[in-house]
Protein chains: 2
Amino acid sequence: MVDRPAISKGEMEVARALWQIAPATVREVFEALPAARSIDFSTVQTYLRRLEIKGHAVSKLKGRVRVYSARTRERTVIRETVNDLVQRLFDGETMPLVRHLIEDRGIDEASLAELRDLIDRLDQEGQK
Amino acid sequence: MVDRPAISKGEMEVARALWQIAPATVREVFEALPAARSIDFSTVQTYLRRLEIKGHAVSKLKGRVRVYSARTRERTVIRETVNDLVQRLFDGETMPLVRHLIEDRGIDEASLAELRDLIDRLDQEGQK
DNA sequence: ATCACTGACGTACACATGTACGTGAAATGC
DNA sequence: GCATTTCACGTACATGTGTACGTCAGTGAT
């Protein structure tokens with residue numbers, strides 16, 4: 001638990017792109033962002049800089065360009081972000097959110113089947 | 001979809017207290033907050049004021065004190081907040097988050113059973 | 001060599017957010 | 001009826017966040 005500063009919404013978009021393709025230059029990250037996302041190159045640069053300051057990325061100059069790598073794993077950040085949400089919205093209880101996702105957002109047949117398998121598997125483990 | 005400004009983390013704490021006990025005065029909300037949360041009375045006042053500006057609450061002077069009520073339902077705000085998270089972290093896909101919650105955070109026996117029921121129920125509905 | 005391009009880096013700037021203080025008026029304890 | 005408490009309300013202020021511009025220095029094309 002190094003407790004790095006939280007990643008903001010904007011930074012998160014960039015961080016996700018970085019996780020996908022790191023190590024990568026600013027331009028590569030910029031181009032990896034969803035096309036729909038209209039954002040300036042220098043804005044991406046700023047986000048990467050801030051991610052580094054926050055300890056979520058590292059960079060190194062390779063010749064004339066700066067190459068960024070992730071320093072925290074996506075899984076970790078997701079965990080922390082979700083934990084935070086669950087804490088703030090559901091007093092730390094997991095189930096209410098699971099319920100909300102399944103009932104309120106709805107899931108399709110395939111997912112339902114997958115979920116069933118998942119439960120079976122956990123049940124097995126629980127038995128042992 | 002009136003698209004009100006998003007509720008910030010701090011505001012959310014207060015909003016949740018308000019949902020619980022509204023209509024309520026600032027002091028009542030203040031006292032309804034988790035004891036662990038050390039926060040000034042006037043800070044709560046500010047949050048309530050901002051919630052009203054953002055359209056999530058309404059207030060009315062009752063004599064000398066201002067009484068706040070929620071204007072958006074908790075369910076709605078939860079939905080929007082979760083939608084936003086799912087969008088930003090999982091490209092709008094529900095299942096990855098469900099998986100994360102179940103696998104990564106872990107759920108107990110009872111919840112597992114509840115989940116099974118939930119799935120059965122949805123399966124039934126799907127059949128029809 | 002020169003021009004257009006690209007990138008790093010510093011800087012900016014408005015708006016959001018967390019947090020709270022000060023002032024003045026009303027209510028309450030004694 | 002005076003001191004104390006309690007509020008509403010205006011205001012503040014540091015920090016975070018979204019977004020981007022300007023400058024200067026390499027780089028590649030002509």
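Just so you know, these numbers come straight off a predicted model, no measurement behind them.
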- [ ] Go through the steps for B:D84 and B:T81 under the test side-chain hydrogen bond (donor to acceptor under 3.5 Å, both in side chains), then give the verdict.
- [x] CA-CA 5 Å; B:D84 184 62; B:T81 307; over 6 Å; no
TODO: Grab the CD1-C1' distance between A:I53 and D:dG16 for me, whole Å please.
DONE: 12 Å
Task: d(NE2, B:H56; P, C:dA16) in whole Å - done: 13 Å
Open item on the list: Applying side-chain contact (heavy atoms from CB on, under 4.5 Å), can you list everything that pairs with B:R71, at least two apart in sequence or on another chain?
Closed with: B:V58
TODO: Take atom CZ of A:R66 and atom C1' of D:dG26, then tell me their distance rounded to the nearest Å.
DONE: 15 Å
Open item on the list: Nearest to the A:F41 side chain among D:dT17, C:dT17, C:dA8, which nucleotide is it?
Closed with: C:dA8
Task: Presence of salt bridge, A:R121 and B:E103, under 4.0 angstrom - done: yes
Task: From CE (B:M12) to CG (A:L89), nearest 0.5 Å - done: 5.0 Å
Open item on the list: Using whole Å, what does the distance between atom C1' of nucleotide C:dG10 and atom CG of A:L48 come to?
Closed with: 16 Å
Open item on the list: Strictly under 4.0 angstrom, non-hydrogen atoms only: write out the protein contact profile of nucleotides 19-30 of chain C, one letter per nucleotide from the 5' end, B, S or -.
Closed with: BBB----SS---
Open item on the list: Could you tell me how far apart B:F30 (CZ) and D:dT6 (P) are, to the nearest whole angstrom?
Closed with: 11 Å
- [ ] Answer yes or no: does atom CZ of A:R75 have more than 12 heavy-atom neighbours from other residues, nucleotides or ligands under 6.0 Å?
- [x] no
Open item on the list: Measure NZ/B:K9 against C1'/D:dG16 and give the value in whole Å, please.
Closed with: 12 Å
- [ ] Write down the distance between CD1 (A:I7) and C1' (D:dG16), rounded to a whole number of angstrom.
- [x] 14 Å
TODO: Would you indicate what B:K54 reaches in the nucleic acid, counting non-hydrogen atoms under 4.0 angstrom: base, sugar-phosphate, or nothing?
DONE: sugar-phosphate
- [ ] Let me know the distance between NZ of B:K60 and C1' of D:dC9, rounded to the nearest Å.
- [x] 20 Å
Task: Residues in ring-ring contact (aromatic ring centres under 6.0 Å, His included) contact with A:F90, at least two apart in sequence or another chain - done: none
